[in-house]
Number of protein chains: 2
Amino acid sequence: MNAMSTSTARRGRPPKGESRLSREAIVEATLRVIDTDGVGAVSMRAVGRVLGVDAKSLYNHVDGKDGLLDAVAEHILGTIELPERTGDLRTDLRAIAHAFRDRALTHAEAAALVLTRQLASFEALAPIEAVLTVLRAAGCPAEEAVHLLRTLVATLIGSLLREINAGPTYGTTDIEGIARRQAVLEGSGLPAIVGAAPHLARFDPGAEYDFTVEFALDALAARLGR
Amino acid sequence: MNAMSTSTARRGRPPKGESRLSREAIVEATLRVIDTDGVGAVSMRAVGRVLGVDAKSLYNHVDGKDGLLDAVAEHILGTIELPERTGDLRTDLRAIAHAFRDRALTHAEAAALVLTRQLASFEALAPIEAVLTVLRAAGCPAEEAVHLLRTLVATLIGSLLREINAGPTYGTTDIEGIARRQAVLEGSGLPAIVGAAPHLARFDPGAEYDFTVEFALDALAARLGR
DNA sequence: ACCCCTTTGTCCACGGTGTGGGTTTACCCG
DNA sequence: CGGGTAAACCCACACCGTGGACAAAGGGGT
């Protein structure tokens with residue numbers, strides 16, 4: 001996989017031209033590991049192996065494993081393709097919400113990091129700025145805008161988190177899976193669940209996300225339009 | 001810590017009366033580890049140590065580490081103290097939302113498990129049944145009730161997840177922390193963020209949760225009351 | 001009463017993890 | 001040209017999840 005590498009067992013600082021390691025290269029390699037073998041497979045050694053480099057070398061660019069995962073999350077968050085503003089509240093927020101989902105699903109395995117970790121970096125601020133701008137432009141006062149922003153973000157994160165690690169037990173679109181799940185739910189004996197079992201067993205992530213986004217937008221428009 | 005234990009090095013099955021191990025005892029011990037040293041400190045060996053038992057013994061009652069963590073999550077979810085129904089949509093849903101939060105914060109470190117994992121067990125169904133019952137009683141058709149349920153759950157989970165692993169970097173209530181965070185935000189140069197910095201820097205989890213719940217309830221009432 | 005089988009523990013071992021510490025080298029600046 | 005520093009290396013440690021072999025207690029069939 002690597003032309004010249006570990007076999008030569010060169011030690012010490014590498015020559016200038018071939019300084020393979022950089023924060024960005026490491027993050028990218030980590031992302032490759034995650035996309036291939038899942039978040040659980042990330043280890044300093046594994047990432048080092050991908051780069052043909054000793055694990056400890058990573059510590060020169062990244063602050064331990066936790067710092068590495070933070071860096072990955074920030075990278076993903078920072079590369080969301082935010083849409084152009086149109087001036088319409090609903091159109092703009094919907095576009096942001098979908099851009100967020102697109103980015104999250106491109107690296108589904110890595111997205112759990114983004115959704116789970118608390119990020120304080122500069123890169124993480126761009127999407128926040130985008131949402132705030134739209135809200136303020138719609139005439140929302142600063143304090144309320146912040147509360148609404150947080151509510152909105154929480155909703156999107158909760159939705160995506162479920163979508164991402166929803167195994168087939170949660171609900172599916174394939175007919176056989178639905179039938180099986182529905183049977184389990186009906187066996188619970190809880191009346192409301194039994195009554196709604198056909199709908200509980202069916203789960204279409206995209207449609208569900210759309211429903212949630214539209215619900216939130218309705219609520220927002222009603223509140224701001226008053 | 002244990003009077004009679006490893007020193008005697010007894011092997012083989014323990015006598016009937018003192019069968020220390022049970023699924024419940026293991027879950028409880030795990031919860032103690034989590035509350036003391038965090039989720040990261042959970043290991044088969046650590047849990048075994050608490051019980052004065054070899055790590056491998058746990059495998060007789062629990063399906064590996066993942067199964068153990070699932071069991072803990074289910075235990076927490078299953079012991080939510082659901083409120084009595086009053087018949088009023090807002091009152092009932094609000095009460096459920098707060099019961100959920102109470103339970104989550106009692107074992108804050110463990111709550112991430114509940115919020116993150118997909119649970120399929122019977123115990124996990126009780127809260128769902130409660131929400132569905134309230135929605136159906138308010139005249140909501142089954143399919144819509146399921147969508148609304150999912151939206152609501154996503155929102156609560158997103159909110160709690162942030163609250164639980166929000167370090168002091170995210171925003172605080174203490175004056176010094178707010179000032180520091182505000183300065184960072186103002187240094188970003190992003191206009192909407194700079195303008196809202198005082199509010200972004202302040203974060204009061206309880207108030208934020210209340211705001212989000214009331215926002216969702218408003219939206220729900222408007223939709224169902226139409 | 002006997003025997004055997006299942007259950008539920010124990011111990012040993014393996015390959016893997018994050019990271020602390022010390023060593024080596026190439027570059028850069030004076 | 002010589003010293004300092006940055007960036008790579010290897011060794012070592014304590015810990016992890018769990019596969020597999022073994023032991024002892026209890027229960028069931030004859």
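To find a chain, count down the sequence lines: A is the first, B the second, and so on, and within it residues start at 1.
Residue-to-nucleotide proximity on DNA chain C shows that, of B:Asp54 and A:Met44, the 5′-proximal contact is made by B:Asp54.
Side-chain N/O atoms of A:Arg23 include none lying less than 4.0 angstrom from OP1 or OP2 on D:dA7. One finds a side-chain N or O of A:Lys65 lying less than 4.0 angstrom from the OP1 or OP2 phosphate oxygen of C:dG18. Taking 4.0 angstrom as the limit, B:Ser43 places a side-chain polar atom (N or O) nearer than this to OP1 or OP2 of D:dG17. Taking only side-chain nitrogens and oxygens, B:His61 never comes nearer than 4.0 Å to OP1 or OP2 of C:dT7. Within the 4.0 Å cut-off from OP1 or OP2 of C:dG9, at least one side-chain nitrogen or oxygen of B:Asn60 is found.
Under a 4.0 Å N-O distance rule, the pair B:Arg103/B:Glu81 does not qualify as a salt bridge.
Counting only heavy atoms from C-beta on, B:Arg49 has its side chain closest to D:dC16 among D:dC16, D:dC9, C:dT19.
Nucleotide D:dG17 holds its C1' atom 11 Å from the CG atom of B:Asp66, rounded to whole Å. In this structure, CG of B:Asp37 is placed 16 Å from C1' of D:dC16, rounded to the nearest angstrom. The separation between B:Ile26 atom CD1 and C:dG9 atom C1' is 12 Å, rounded to whole Å. Rounded to an integer number of Å, the gap from B:Leu21 CG to D:dA25 P is 17 Å. Following rounding to the nearest Å, A:Leu69 (CG) and C:dG18 (C1') show an atom-to-atom distance of 12 Å. Going from atom OH of A:Tyr59 over to atom P of D:dC9 covers 14 Å, rounded to whole Å. Atom-to-atom, CG of B:Leu51 to P of C:dG9 comes out at 10 Å; the value is rounded to the nearest Å.
B:Glu129 places a side-chain N or O within donor-acceptor distance of the main-chain N or O of A:Ile193, the cut-off being under 3.5 Å. In this structure, A:Thr116 contributes its side chain and A:Leu113 its backbone to no donor-acceptor pair below 3.5 Å.
A donor-acceptor contact under 3.5 Å links the side chain of B:Arg45 to the base of D:dG17. For A:Lys56 against C:dG20, a side-chain N or O and a base N or O form a donor-acceptor pair under 3.5 Å.
B:Phe211 does not carry A:Arg150 over the face of its six-membered ring by the limits of under 6.0 Å from the centre and within 45° of the normal.
Heavy atoms of B:Ser57 sit under 4.0 angstrom from at least one base atom.
Counting only N and O atoms by type, the side chains of A:His75 and A:Glu123 include no donor and acceptor under 3.5 Å apart.
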